[in-house]
Amino acid sequence: MRKIKAPLFDLRKTLECGQFFNYFEEDGFFFVVDGSNFFIIKQQGQHLYFDGNITEEFLINFFSLDLDYKNMLKEISKDKIIESAIHRSLGLRIINQELFQCMISFICSSASNVPKIKKNILSISKSFGNPVTFKDKQLFLFPLPKQISDLELIKQSSAGFRSKYIYQCSQIATKELLDKIKKTDYSDAKKILMSFNGIGDKVSECICLFSLKFYDAFPVDVWIKRETERLYFKNEIKSKEFITSFFKEYFGHYAGYAQEFLFYSARNEQKPKK
DNA sequence: AGACAGGGGTAGG
DNA sequence: CCTACCCCTGTC
């Protein structure tokens, strides 16, 4: 078991906030699969204990432990509302997920919910991914695009109308294209992502934020819409476009972090027991 | 118990 | 701009 220091980090909040779906908790550890990487991890105070087929550098990048967290907080702390949200979700960090897994995860997310997305991802991994035995547990790596080639089998993952999007995405997402998306800038990456069926405005913002390190991305779902209308606009109805442009401008470079704090805070309010 | 609406969104009409 | 979409879950 290896050990690293991780101040200003909350493992549970980071994994459970709804940005990542390929993990489960057992025997006091989180078992995490990200593409072809897998590891177990637990937090004790400011330290992380982990083991798996990964390096320490991978872990630091995955959980953005190298981000200057205090500086980020300073940049987005524009008012009492966001400060309160930050207070309630302190330690939450944005994960840098493997791109293809992230794309499929958020294709699955439309008109869905966290438990169901997790189920879809696990089922797709079992059907198409390579099995690995690790710490007496059977894990499945997340498949490469070319490994997902059977529409009927995808349908068995209960992805419903999203199954055809998963299939098409897997056909189109060659290694070359994925590499291109990783190398290009925010607006270009977003354009390419939105050319996939099943990836629209919101889903592409999520992928930009959770896989491509574009921290100014600001995904607006119904939760963020309701919450920002309530907190910032006296419950007046605003369009998604307005909300996106307003908060990108308002919070600046780390708008995506502000979004995550508001989102986590809103969700936690809804279900205080968790 | 069994029907029914609606969900962290998107494409297509 | 408005709906259907596939499946699951919570609610009546």
Side-chain angles (χ1 to χ4, degrees), chain A residues 13-23 85 88-89 92 94-95 97 101-127 148 150-173 189-211 214 217-232 237-244 247-248 255-274:
Chain A
K13 284 177 188 166
T14 297
L15 284 174
E16 291 184 347
C17 73
Q19 60 176 323
F20 186 77
F21 308 96
N22 206 351
Y23 71 92
R88 300 159 67 169
S89 35
L92 173 56
I94 288 172
I95 288 178
Q97 313 177 32
Q101 176 177 314
C102 187
M103 290 167 70
I104 299 299
S105 297
F106 283 93
I107 284 173
C108 289
S109 76
S110 71
S112 189
N113 51 64
V114 172
K116 191 165 164 242
I117 301 164
K118 287 176 79 167
K119 198 182 144 191
N120 296 150
I121 293 302
L122 180 61
S123 177
I124 287 168
S125 302
K126 280 182 177 171
S127 293
I148 304 180
D150 182 344
L151 181 57
E152 291 311 308
L153 202 48
I154 297 170
K155 286 181 179 167
Q156 288 175 30
S157 72
S158 321
F161 65 85
R162 306 159 197 87
S163 297
K164 58 181 179 292
Y165 301 146
I166 295 168
Y167 178 76
Q168 291 169 1
C169 178
S170 305
Q171 299 288 302
I172 299 168
K190 188 163 166 165
K191 260 180 234 157
I192 300 173
L193 288 169
M194 284 186 63
S195 72
F196 286 82
N197 262 335
I199 301 182
D201 193 48
K202 188 267 174 182
V203 167
S204 65
E205 288 285 287
C206 286
I207 299 166
C208 284
L209 185 58
F210 303 135
S211 181
F214 294 123
F218 195 89
V220 178
D221 53 47
V222 302
W223 286 88
I224 283 295
K225 187 167 182 297
R226 278 197 295 257
E227 188 72 348
T228 53
E229 284 166 352
R230 182 174 74 84
L231 293 172
Y232 284 92
I237 303 297
K238 302 286 179 190
S239 73
K240 284 189 169 187
E241 293 72 26
F242 173 83
I243 293 171
T244 306
F247 286 108
K248 280 191 182 210
Y257 261 97
Q259 189 271 9
E260 280 302 287
F261 291 132
L262 290 168
F263 183 78
Y264 183 91
S265 187
R267 299 287 302 230
N268 229 265
E269 200 168 293
Q270 186 73 13
K271 38 172 187 179
K273 171 85 199 84
K274 177 69 218 296

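We name chains A, B, ... by the order of the sequence lines, and we start the count at 1 in each one. No hydrogens, no waters, no symmetry mates; every other heavy atom, side chains included, goes into these values.
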Mind calculating the distance between NZ (A:K118) and P (B:dG7) to the nearest angstrom? 22 Å
Just checking A:G18: base, sugar-phosphate only, or nothing, at a heavy-atom cut-off of under 4.0 Å? base
For C:dA4 versus B:dC4, give the span between their P atoms, rounded off to a whole number of Å. 16 Å
Spacing of the C1' atoms in C:dC8 and B:dA11 (rounded, Å): 22 Å
Residue pair A:Q97 / A:F21, side-chain heavy-atom distance below 4.5 Å: no
Watson-Crick or G-U wobble partner of C:dC6, both distances under 3.5 Å: none
What does A:Y165 touch in the nucleic acid at a heavy-atom separation under 4.0 angstrom: a base, only the sugar-phosphate, or nothing? sugar-phosphate
Between B:dG6 atom P and A:W223 atom CH2, what is the distance in whole Å? 15 Å
Rounded to whole angstroms, how far apart are CD on A:E260 and C1' on B:dG8? 11 Å
Would you check if the side chain of A:Y23 reaches a backbone N or O of A:L15 as a donor-acceptor pair within less than 3.5 Å? yes
NZ/NE/NH1/NH2 to OD/OE distance under 4.0 Å, A:E205 and A:K248: yes
Take the protein atom CD of A:E229 and the nucleotide atom C1' of B:dG8, then report the distance between them rounded to whole Å. 15 Å
Is there, by distance only and without an angle test, a donor paired with an acceptor across the side chain of A:R162 and the base of B:dG9 below 3.5 Å? no
Would you please indicate yes or no on a ring centroid separation below 6.0 angstrom for A:F218 and A:F263? no
Checking A:R230 against A:E227 for the salt bridge (charged side-chain N to carboxylate O under 4.0 Å, His left out) test, could you report, in this order, the C-alpha distance in whole Å, the side-chain angles of both residues, the deciding distance, and whether it holds? CA-CA 5 Å; A:R230 182 174 74 84; A:E227 188 72 348; 3.2 Å; yes
By nearest-nucleotide position on DNA chain B, the 5'-leaning member of A:N197 and A:N113 is A:N113
On the nucleotide B:dG9, are OP1 or OP2 found under 4.0 Å from the side-chain N or O atoms that A:K240 carries? yes
By the 4.0 Å heavy-atom rule, please label A:F21 as base, sugar-phosphate, or nothing. nothing
In whole Å, what is the span from the CZ atom of A:R226 to the C1' atom of B:dG6? 11 Å
Regarding A:I117, tell me which of base, sugar-phosphate or nothing describes its non-hydrogen contacts under 4.0 Å with the strands shown. nothing
Check the distance between B:dG8's P and A:F210's CZ and give it to me in whole angstrom. 14 Å
Nearest whole angstrom, please: distance from the C1' of B:dG8 to the CZ of A:R267. 6 Å
Distance, rounded to the nearest Å, where A:Q168 contributes CD and B:dA11 contributes C1': 11 Å
B:dG8 -> Watson-Crick or G-U wobble partner, both distances under 3.5 Å, gives none
Reading DNA chain C in the 5' to 3' direction, which nucleotide is the first one with an atom under 4.0 Å from a heavy atom of chain A, and which is the last? C:dC5 to C:dC8
Heavy-atom check, side chain of A:I154 versus side chain of A:R162, under 4.5 Å: no
At 4.0 Å (heavy atoms only), tell me whether A:K155 reaches a base, stays on the sugar-phosphate, or touches nothing. nothing
Are the charged groups of A:D201 and A:K190 less than 4.0 angstrom apart, N to O? yes
Residue pair A:T14, A:Q19: steps toward the side-chain contact (heavy atoms from CB on, under 4.5 Å) verdict: CA-CA 8 Å; A:T14 297; A:Q19 60 176 323; 3.8 Å; yes
Rounded distance in Å between the C1' positions of C:dT3 and B:dA5: 15 Å
